[in-house]
Each structure stands twice: as C-alpha cells, then as structure tokens.
> 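First, the structure itself, so that you have it in front of you.
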Amino acid sequence: MSMLDDPLVSTERLAANLRDVKVIDASFKMPGMLPLAVDDFHAAHIPGAVFFDVDAVSDRASSFPHMFPDAAQFARDVGALGISSKDKVVVYDSGGWLAGPRVWWMFLSFGHADVRVLDGGLKKWRAEGRQVESGEASPKPGHFTATFDPLNVRDKAQLVSNLSSHREQLVDARAAGRFTGAVAEPRQGLRSGHIPGSRNLPYTELFDPATGVMKPLDQIRAVFSRAGVNLAKPIVTTCGSGVSAAVLTLALYRLGVRGSALYDGSWSEWGSNEGPPIATGPA
C-alpha cells in the first residue's frame, strides 16, 4: 500500500505537517467511565485539535447510541468544528483504537476522502514527548458539504435478510467472551451472544498494545485468516455499538479491501430483548 492510499498517518508525518491539516480528537469512552473523553481533551490534546463528540454527531432521534446522522447534520456539525470540504483531516483517539477509525469511516461515508487516522493516537504522540496543549477549542466555522453513501452502512433489516442469503460475511469486533455469550454485555438490557453465522475477531488483535500502533499488513492478514474471514468475499463489520467495528473496517481498507460495510446499530440493536435471533458459543 502506498502512502497516498494508506488511511494511516504516522506521528512523525503529522508533526511535520501540523499546520497544513485539521486535526480531530475523536476519543470515546463507554458510558459511566470518568473522566469524560471531552475532559481528557481539555486536559491535553494535539495542538490545534478540535473535539469530535461521537455521541453528539449522531442521530438524536434514535434510541440506539451514536447512530449515523443524516448528511445535513453531519455537514453542520463538522462545519462547526472549523472543517471545510477542502481540508485535509487527521483523526486520532486516546490510543486505544476506539473511535478514531469510526470517525474516519464517517468522513468517507459522507464523501470526504482526504482523511487519515493517526497511527498510535495520542498515546504514541505523548510517548514521543511531542507537544500538547490544554483548554477548549474555539474554531472558526468552516463550510462542509456532505453526501451520504448508504453502501458503507448496513441496517438490521439487511442483516436479517443476510441470515438466509449468506451474501455477506459478518465479522464481530467484540471480545471473545461477549461474542460467545459467556460474559454479560456492558450495556444493560441486552442479551448475550452474537449474530448467527458471524465470525469473531476482537479489534484488540490488530494493534500492538504497548505502542498503540497497528500491526504490519502481513500480521493483519493472518489475523483475518485465523478468524475464518475470506477477504475476497463481501464483509460487514459489527461490534457493540458500531464504534470498534470500524477498527476492522480500517484494517480491511489497509489490506486493499473495498466495498466493506459497517452495521451501525451493531449489538446495541440486534441484542435488544425484542431483537432478531442470536447464537451463543464459538463461531
């Protein structure tokens, strides 16, 4: 993969081009975890960065967490962050690969191709002794135009249909215990298990926990192979609420896979008590 089409950017490259890009902190935490991600941003962030609230830039009418908004809202919210359609965008998170890829996929899905994810995130940036700043961001509003590509996202009805057609492979990014149903879901009111026929590939297997850097391509390919995923066939990624699934989507993109999609509702929707059939145990 060439530097031109690699969705990752190194800390070295970002530091050398910091004035030429718009930087987004997309750090995210599960409900109830303190301090809040926005408070962490106020304490320390990459100079010039703005905070992208995954819960706020979402469909507020949905009962499920941080679902994709419509194009008009995405354009409005991103413009309010000081980002325009002509801008080069770099997204990072705290270094745990939770929401940086999700926001990257959102930008791609709304027609903005000039977006990258910082490899290693803020964790690697700070470990290298690079400059950070504190306080709130006050960006000058930008002008962003968004056009949504529905092919990048799947809904429940499409995946229910896939139960019989088996047209697309489903790859679940949750930890093995949640996938098999041995561990209770962190969100209350959800059943335990997985979508029937899906494969399990915990997103944490795709990066080095010590450095936060995504693994080399040959290792990523081997991880997908061990999970039983055929890279030549259509793939849909899923997880707990449509966030960590995008780590798999990013890894697939790095492997040259195009046309994959993300199940936005993920287990928050499917695993609800009134949801479709579930399976338990290993894949």
Side-chain angles (χ1 to χ4, degrees), residues 7-8 24 26 28 30 52 54-55 57-59 62 64-71 73-74 78 91 93 96-113 115-117 146-163 167-175 178-179 187 194-195 197-207 214 220 223-224 227 229-231 233-272 275-276:
L8 294 186
I24 293 175
F28 168 83
M30 292 291 289
F52 187 110
V54 173
D55 287 319
V57 187
S58 67
D59 179 2
S62 175
F64 302 109
H66 37 256
M67 297 286 283
F68 267 56
D70 60 26
Q73 182 188 342
F74 188 80
V78 168
V91 185
D93 55 37
W97 290 99
L98 269 179
R102 162 75 181 200
V103 175
W104 162 80
W105 192 241
M106 291 180 77
F107 270 88
L108 286 185
S109 298
F110 285 106
H112 191 83
V115 57
R116 302 287 185 275
V117 178
T147 302
F148 179 59
D149 184 352
L151 295 179
N152 283 8
V153 178
R154 295 289 182 271
D155 61 24
K156 184 175 72 174
Q158 290 170 308
L159 292 196
V160 168
S161 176
N162 194 67
L163 290 177
R167 191 182 73 83
E168 296 179 311
Q169 303 169 94
L170 268 64
V171 191
D172 192 323
R174 293 177 300 156
R178 292 173 65 187
F179 179 87
R187 290 181 173 85
H194 58 268
I195 299 173
S198 57
R199 298 287 182 173
N200 185 213
L201 197 169
Y203 75 96
T204 53
E205 294 186 15
L206 296 173
F207 62 90
M214 186 164 275
I220 292 174
V223 170
F224 276 97
V229 180
N230 185 340
L231 299 181
K233 295 183 177 180
I235 297 171
V236 175
T237 62
T238 182
C239 60
S241 63
V243 175
S244 61
V247 184
L248 306 189
T249 304
L250 177 71
L252 289 167
Y253 199 95
R254 296 198 71 222
L255 292 173
V257 174
R258 299 294 182 268
S260 71
L262 182 146
Y263 174 26
D264 197 21
S266 283
W267 198 251
S268 293
E269 180 177 44
W270 194 282
S272 61

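Keep in mind the model is a prediction, meaning the values are calculated, not measured.
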> W267 ring centre to R174 NZ or CZ under 6.0 Å, with the angle to the axis within 45°?
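Yes, a cation-pi geometry.
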> With heavy-atom distances below 4.5 Å as the criterion, would you say the side chains of F28 and D55 are in contact?
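In short, these two side chains touch, coming nearer than 4.5 Å.
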> Output the distance between atom CH2 (W270) and atom CG (D172), rounded to the nearest 0.5 Å.
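Between W270 CH2 and D172 CG, I get 11.5 Å after rounding to 0.5 Å.
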> Would R102 and L262 satisfy side chain to side chain contact (heavy atoms under 4.5 Å, CB included), going step by step from the backbone distance to the final call?
CA-CA 10 Å; R102 162 75 181 200; L262 182 146; 3.8 Å; yes
> Using every non-hydrogen atom in the two residues, find where V54 and A99 come nearest and quote the distance to one decimal.
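Heavy atoms of V54 and A99 come nearest at CG2-CB, 4.0 Å.
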> Nearest 0.5 Å please: distance from the CD1 atom of I235 over to the CZ atom of R199.
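Interatomic distance, I235 CD1 to R199 CZ, rounded to 0.5 Å: 11.5 Å.
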> Minimum heavy-atom separation for F68 to S109, with atom names?
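For F68 versus S109, the nearest heavy atoms are CE2-CB, 3.7 Å.
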> Output yes when a side-chain donor or acceptor of W105 lies under 3.5 Å from a complementary backbone atom of N152, and no otherwise.
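Checked: pair present.
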> For a 4.5 angstrom cut-off between non-hydrogen side-chain atoms, does S244 reach W97?
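With C-beta onward as the side chain, the pair stays apart.
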> Can you check whether Q158 reaches E168 side chain to side chain, under 4.5 Å on heavy atoms?
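No, every pair of side-chain atoms sits at 4.5 Å or beyond.
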> For the CG atom of L255 and the CZ atom of R258, what is their distance to the nearest 0.5 Å?
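CZ of R258 is found 9.5 Å from CG of L255.
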> Could you measure the distance from the CD atom of Q73 to the CZ atom of F148? Nearest 0.5 Å is fine.
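Output value for this atom pair is 12.5 Å.
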> Compare every heavy atom of P65 with every heavy atom of R187, then report the nearest pair and how far apart it is.
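Heavy-atom minimum between the residues: NE-CG, 4.0 Å.
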> Could you report the tightest heavy-atom contact between L108 and Y253, atom names first, then the distance?
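Minimum heavy-atom separation between L108 and Y253: CD1-CE1, 4.2 Å.
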> Does H194 reach the side chain of N200, with side-chain heavy atoms less than 4.5 Å apart?
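Answer no - side chains too far apart.
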> Does any part of the side chain of Y203, heavy atoms only, come nearer than 4.5 Å to the side chain of L248, both counted from C-beta?
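The answer is yes, as the side chains (C-beta and beyond) meet within the 4.5 Å cut-off.
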> Go through the structure and list residues passing side-chain contact (heavy atoms from CB on, under 4.5 Å) with S266, not counting sequence neighbours.
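S266 satisfies side-chain contact (heavy atoms from CB on, under 4.5 Å) with T238, C239, Y263 once adjacent residues are dropped.
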> Using side-chain contact (heavy atoms from CB on, under 4.5 Å) as the criterion, list what pairs up with F107, not counting sequence neighbours.
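F107 satisfies side-chain contact (heavy atoms from CB on, under 4.5 Å) with I24, F52, F74, V78, I83, V89, V103, H112, V115, F144 only.
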> Do T237 and T249 pair up side chain to side chain, a donor and an acceptor below 3.5 Å, judged on atom types alone?
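Yes, because at least one side-chain N or O of T237 sits under 3.5 Å from a partner of the opposite role on T249.
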> Are side-chain heavy atoms of P7 and V117 found at a separation under 4.5 Å?
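No; the side chains remain at least 4.5 Å from each other.
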> Side chains of S198 and F179: does their closest heavy-atom pair fall under 4.5 Å?
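A side-chain contact under 4.5 Å exists here.
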> Going through the checks in order, is the side chain to side chain contact (heavy atoms under 4.5 Å, CB included) test met by M214 and L250?
CA-CA 10 Å; M214 186 164 275; L250 177 71; 3.8 Å; yes
> Side chain of D93, backbone of L98: donor and acceptor closer than 3.5 Å?
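Checking the backbone N and O of L98 against the side chain of D93, a donor-acceptor pair under 3.5 Å is found.
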> Walk me through it: do L201 and V223 pass the test side chain to side chain contact (heavy atoms under 4.5 Å, CB included)?
CA-CA 8 Å; L201 197 169; V223 170; 3.5 Å; yes
> Would you check if F64 and S241 make a side-chain contact, meaning some heavy-atom pair closer than 4.5 Å?
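Not touching, per the 4.5 Å side-chain cut-off.
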> Nearest heavy-atom pair of A251 and F224: which atoms, and what distance?
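Distance-wise, the nearest heavy atoms are CB-CE1, 3.9 Å.
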